[in-house]
Amino acid sequence: MAMESRSNAIGAVAAINRANALIEQRIGNLASQDATSIWAAQDELSAAVAKAGIHFEGRAYPLCLRPLVIDAQVASQLKSIVEAFLEVLDVAAELYCCDKEVQNLFSSYNHLQPWIIRLPKHRPIVRICRLDGMFGRDGHYKIIETNTEGPGGVIQTGLAASVWSQIRNPLTHSLSFAPSKQRSANDPNAFVRELKDTYRAEKGSELRSAAVVNFKGRFVNEVDWIIKGLEDAGIEAALFDVRALKRTPRGLIGPDCRRVELVYNKLDVRDMMDADECHAYLESCAAREVVSINPWISQWILSDKAILAVLSDDRFRSNFTSSQIELVARHVPWTRVVRAGITTDPNGKRIDLIDYIRENRADLVLKPSNATRGEGVQLGRRTPSGAWDAYIREAALKPYVVQEHIGSEHVTALDASSRSIQQMAWGIDCYVFGGRLAGFHSRASVDAVMNIGRSGILLPVLRTGNAAASEYA
């Protein structure tokens with residue numbers, strides 16, 4: 001696969017900045033001359049989103065009036081990147097199953113290997129994911145998290161985009177931006193269709209019963225929409241706790257004695273790692289007695305940030321094709337599991353890792369390898385040296401990764417919670433269903449760690465450019 005050149009990559013960032021210049025100008029003009037109109041439209045949008053039943057764990061869904069505009073060519077480049085990346089994850093999954101050095105980077109999961117290493121036959125292994133990314137200083141899109149477990153927004157992102165498009169919007173009125181041709185936005189059934197297609201491909205029959213599965217009541221956001229989508233497609237569906245499911249000779253049985261044919265996991269897998277009561281469910285999924293979206297290697301290994309350390313480490317390069325090596329070099333930030341020892345820096349020079357982390361604080365980020373929602377993330381450039389040393393000591397004793405800091409671009413956006421217009425860092429996240437780009441959303445935040453579970457907001461994604469080039473999803 002031919003990846004874009006450095007000049008094209010930098011041109012992509014410039015194209016995004018140019019496409020958003022009109023929005024930036026209009027926000028500035030309205031903020032100084034007619035701020036009332038902006039906030040009236042934002043309030044109308046927020047009310048419409050709430051009326052549609054879209055929420056974030058019972059709280060207001062933080063959808064911003066201001067869109068992020070991307071050029072159609074940028075959208076096409078992102079499509080090529082993320083679809084090729086799913087193939088790279090397939091290689092990484094198979095490598096984990098047979099390579100002890102790779103397994104050693106995920107040692108906290110050793111006791112789960114009997115379930116993890118039993119891979120499904122279908123490819124890509126990851127059927128539903130959201131790749132989170134930002135544009136780096138070199139102009140290339142960087143994938144900083146894989147979200148291959150049960151990512152949020154698989155239905156609500158598209159629904160929210162539809163609601164947004166129907167609101168009177170003074171920021172986009174009369175501007176020639178077209179709605180993006182995203183499957184998740186244009187087809188509200190895209191997610192459910194992927195579940196049905198996966199089941200049909202694996203079992204050779206039509207899906208009749210499914211369950212969304214969580215553990216101890218955690219992670220219920222969007223579950224109502226998933227169940228509704230399944231039921232609208234003629235599939236019996238319900239939300240079950242792992243502990244309510246029974247493994248029997250008939251297969252996996254729910255508390256209503258109905259056989260469950262497919263499960264979609266909405267879990268924090270850390271909760272299940274040492275829970276004996278989950279073992280029967282883990283085995284049933286691993287044995288393919290029920291089709292599990294996504295399989296356990298996706299839930300634990302491919303979703304762990306240490307997978308980026310596998311991809312960016314020279315030790316494992318020979319397992320990938322030349323085009324995959326090129327893809328990783330451009331689009332995966334330098335990442336290492338935090339452990340004492342010798343490795344290579346971003347330029348390939350041999351280093352003592354702990355010394356390197358200490359000496360290059362301003363260019364690095366420390367992250368728990370399996371945490372979510374920005375939990376425990378420490379940006380070196382915002383951390384005093386004494387505190388940084390303490391974080392290094394802590395990280396060396398726990399599953400942590402160190403990653404090169406990706407400097408973010410900024411946009412002007414409305415923060416409804418503080419009723420203010422702010423400069424915010426932003427990134428673009430790509431939903432991938434069945435190995436194909438399904439759509440985008442953009443997160444923005446005044447906090448350098450962008451997450452809507454903290455203080456982040458969501459920007460709808462529009463495109464500019466000719467219509468033919470926009471057929472990217």
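Remember, predicted model here, so these are calculated numbers, not experimental data.
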Might you work through the side-chain contact (heavy atoms from CB on, under 4.5 Å) test for F440 and I70, ending with a clear yes or no?
-> CA-CA 10 Å; F440 303 114; I70 62 174; 3.8 Å; yes
How far apart are the closest heavy atoms of [X] and [Y], and which atoms are they?
{"X": "G152", "Y": "R130", "value": "O-NH1, 3.2 Å"}
{"X": "E149", "Y": "S303", "value": "OE1-CB, 3.1 Å"}
{"X": "L364", "Y": "E404", "value": "CD2-CA, 4.1 Å"}
{"X": "K367", "Y": "I144", "value": "NZ-O, 4.1 Å"}
{"X": "F240", "Y": "L245", "value": "CD1-CD2, 3.7 Å"}
{"X": "I143", "Y": "P333", "value": "O-CD, 3.1 Å"}

Less than 4.5 Å apart, side chain to side chain, heavy atoms only: is that true for [X] and [Y]?
{"X": "P295", "Y": "L119", "value": "no"}
{"X": "Y109", "Y": "P399", "value": "no"}
{"X": "V337", "Y": "S369", "value": "no"}
{"X": "V338", "Y": "I354", "value": "yes"}

Has the side chain of [X] got a donor or acceptor atom that lies under 3.5 Å from a matching backbone atom of [Y]?
{"X": "Q166", "Y": "S162", "value": "yes"}
{"X": "Q42", "Y": "A416", "value": "no"}
{"X": "E83", "Y": "L437", "value": "yes"}
{"X": "N360", "Y": "D363", "value": "no"}
{"X": "E289", "Y": "G251", "value": "no"}
{"X": "Y141", "Y": "I428", "value": "yes"}
{"X": "E409", "Y": "F135", "value": "no"}
{"X": "T248", "Y": "R250", "value": "yes"}
{"X": "T343", "Y": "L353", "value": "no"}
{"X": "D132", "Y": "D429", "value": "no"}

Under 6.0 Å between the ring centres of W225 and Y61?
->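 Here the rings of Y61 and W225 have centres that are no less than 6.0 Å from each other.
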Rounded to the nearest 0.5 Å, how far does [atom2] of [Y] lie from [atom1] of [X]?
{"X": "D345", "Y": "R336", "atom1": "CG", "atom2": "CZ", "result": "8.5 Å"}
{"X": "I392", "Y": "Q378", "atom1": "CD1", "atom2": "CD", "result": "11.5 Å"}
{"X": "T148", "Y": "I125", "atom1": "OG1", "atom2": "CD1", "result": "10.5 Å"}
{"X": "C278", "Y": "D271", "atom1": "SG", "atom2": "CG", "result": "8.5 Å"}
{"X": "D314", "Y": "F316", "atom1": "CG", "atom2": "CZ", "result": "10.0 Å"}
{"X": "K142", "Y": "M134", "atom1": "NZ", "atom2": "CE", "result": "11.5 Å"}

Going by an N to O cut-off under 4.0 Å, is there a salt bridge joining [X] and [Y]?
{"X": "R361", "Y": "D389", "answer": "no"}
{"X": "D232", "Y": "K228", "answer": "yes"}
{"X": "R118", "Y": "E283", "answer": "yes"}

Enumerate donor-acceptor pairs with a distance under 3.5 Å from any side-chain N or O in residues 204-213 to protein atoms, sequence neighbours excluded.
residue, atom, partner, partner atom, Å
E206, OE1, R200, NH2, 3.2
E206, OE2, R200, NE, 2.7
R208, NE, E261, OE2, 2.9
R208, NH2, E261, OE2, 2.5
S209, OG, R259, O, 2.6
S209, OG, E261, N, 3.3

How about E194 and T198: does a side-chain donor come under 3.5 Å of a side-chain acceptor?
->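 There is such a pair (donor and acceptor under 3.5 Å, judged by atom type) between the side chains of E194 and T198.
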Please report the C-alpha distance between L459 and W164 in whole Å, then the side-chain angles of each, then the deciding distance to 0.1 Å, and finally whether the side-chain contact (heavy atoms from CB on, under 4.5 Å) criterion is met.
-> CA-CA 10 Å; L459 311 180; W164 181 92; over 6 Å; no
Checking side-chain contact (heavy atoms from CB on, under 4.5 Å) against R127, which of I293, D197, L86, V291 comes through?
->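 Looking at I293, D197, L86, V291, the match for R127 under the side-chain contact (heavy atoms from CB on, under 4.5 Å) is I293.
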Would you call the rings of H331 and H140 parallel, tilted or perpendicular, where under 30° means parallel and over 60° means perpendicular?
->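 Because their plane-to-plane angle is over 60°, the rings of H331 and H140 count as perpendicular.
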Which class fits the ring pair Y431 and H441: parallel under 30°, tilted 30 to 60°, perpendicular over 60°?
->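 Plane angle over 60°, so perpendicular.
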Test side-chain contact (heavy atoms from CB on, under 4.5 Å) on N104 and R339 and set out the steps.
-> CA-CA 11 Å; N104 187 46; R339 291 178 181 172; 3.2 Å; yes
For K203, look at atom NZ and say whether over 12 heavy atoms of other residues, nucleotides or ligands are found less than 6.0 Å away.
->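 Correct, the count exceeds 12.
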Just wondering, more than 12 heavy atoms not from F215 lying within 6.0 Å of its CZ?
->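 Result for CZ/F215: enclosed.
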Test F56 against Q156 for side-chain contact (heavy atoms from CB on, under 4.5 Å), laying out the working first.
-> CA-CA 9 Å; F56 178 70; Q156 286 194 155; 5.8 Å; no
Side chain to side chain contact (heavy atoms under 4.5 Å, CB included) partners of A233, counting only residues at least two apart |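 Checked A233 against side chain to side chain contact (heavy atoms under 4.5 Å, CB included); matches are V192, K196, I235.
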Using the ring pair (Phe, Tyr, Trp, His ring centres under 6.0 Å) rule, take F191 and Y264 through it: C-alpha gap first, then chi angles, then the decisive distance, then the call.
-> CA-CA 11 Å; F191 170 75; Y264 183 69; 5.1 Å; yes
